[in-house]
Amino acid sequence: MATIKIKQIKSKIGYPIDQKRTLKALGLHKISQVVEKEDTPVIRGMIRKVHHLVTVVE
């Protein structure tokens, strides 16, 4: 299956706990960190929830 790269572009400080947990579930801990995940509807939904904190690379 295809993969997507997700990059954290903004700090999670000051955002609700559910958004912080979503970033943790994606494997993101630091700004500018990039993780590669399978492109599934579940991952797409997580990205949509924190779209203001992350970007999809490539």
Side-chain angles (χ1 to χ4, degrees):
M1 184 168 250
T3 61
I4 55 174
K5 291 183 180 180
I6 308 158
K7 180 178 182 178
Q8 184 175 348
I9 57 169
K10 199 170 175 188
S11 175
K12 60 187 175 185
I13 296 172
Y15 288 96
I17 190 71
D18 61 330
Q19 293 179 12
K20 292 178 184 179
R21 288 180 179 160
T22 301
L23 285 176
K24 187 174 181 181
L26 285 170
L28 295 167
H29 304 287
K30 297 180 180 179
I31 297 174
S32 297
Q33 182 180 5
V34 178
V35 294
E36 192 169 343
K37 297 284 184 181
E38 285 191 26
D39 190 8
T40 63
V42 173
I43 297 297
R44 287 286 179 172
M46 294 168 83
I47 292 170
R48 194 174 306 116
K49 184 173 184 80
V50 292
H51 70 278
H52 52 287
L53 302 176
V54 300
T55 187
V56 176
V57 181
E58 297 176 22

Out of curiosity, does V42 fall in the hydrophobic cluster containing V35 (side-chain heavy atoms, cut-off under 4.5 Å, transitive links)?
->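 Result: yes, single cluster for both.
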
Is any side-chain heavy atom of [X] less than 4.5 Å from a side-chain heavy atom of [Y]?
| X | Y | value |
| --- | --- | --- |
| V50 | L28 | no |
| I47 | I4 | yes |
| I9 | I31 | no |

Considering residues at least two apart in sequence or located in another chain, which fulfil the salt bridge (charged side-chain N to carboxylate O under 4.0 Å, His left out) criterion with K49?
->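 Partners of K49 by the salt bridge (charged side-chain N to carboxylate O under 4.0 Å, His left out) criterion, ordered by chain and then number, come out as D18.
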
Going from CG on L23 to NZ on K30, what distance comes out if it is rounded to the nearest 0.5 angstrom?
->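 Interatomic distance, L23 CG to K30 NZ, rounded to 0.5 Å: 15.0 Å.
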
CD1/I43 to CG/L26 distance, rounded to the nearest 0.5 angstrom?
->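 Atom-to-atom, I43:CD1 and L26:CG are 5.5 Å apart.
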
What pairs of residues pass the side chain to side chain donor-acceptor pair (under 3.5 Å) test when at least one of them lies in residues 1-11, not counting sequence neighbours?
->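 Applying side chain to side chain donor-acceptor pair (under 3.5 Å) to every pair that reaches into residues 1-11, excluding sequence neighbours, yields T3-E36, K10-Y15.
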
Derivation and outcome, side-chain contact (heavy atoms from CB on, under 4.5 Å), residues I6 and V34 | CA-CA 5 Å; I6 308 158; V34 178; over 6 Å; no

Heavy-atom closest pair, residues M46 and A25 =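 Residues M46 and A25, closest heavy atoms: CE-CB, 3.3 Å.
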
With H52, which residues qualify under side chain to side chain donor-acceptor pair (under 3.5 Å), at least two apart?
->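 Only Q19 meet the side chain to side chain donor-acceptor pair (under 3.5 Å) criterion with H52.
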
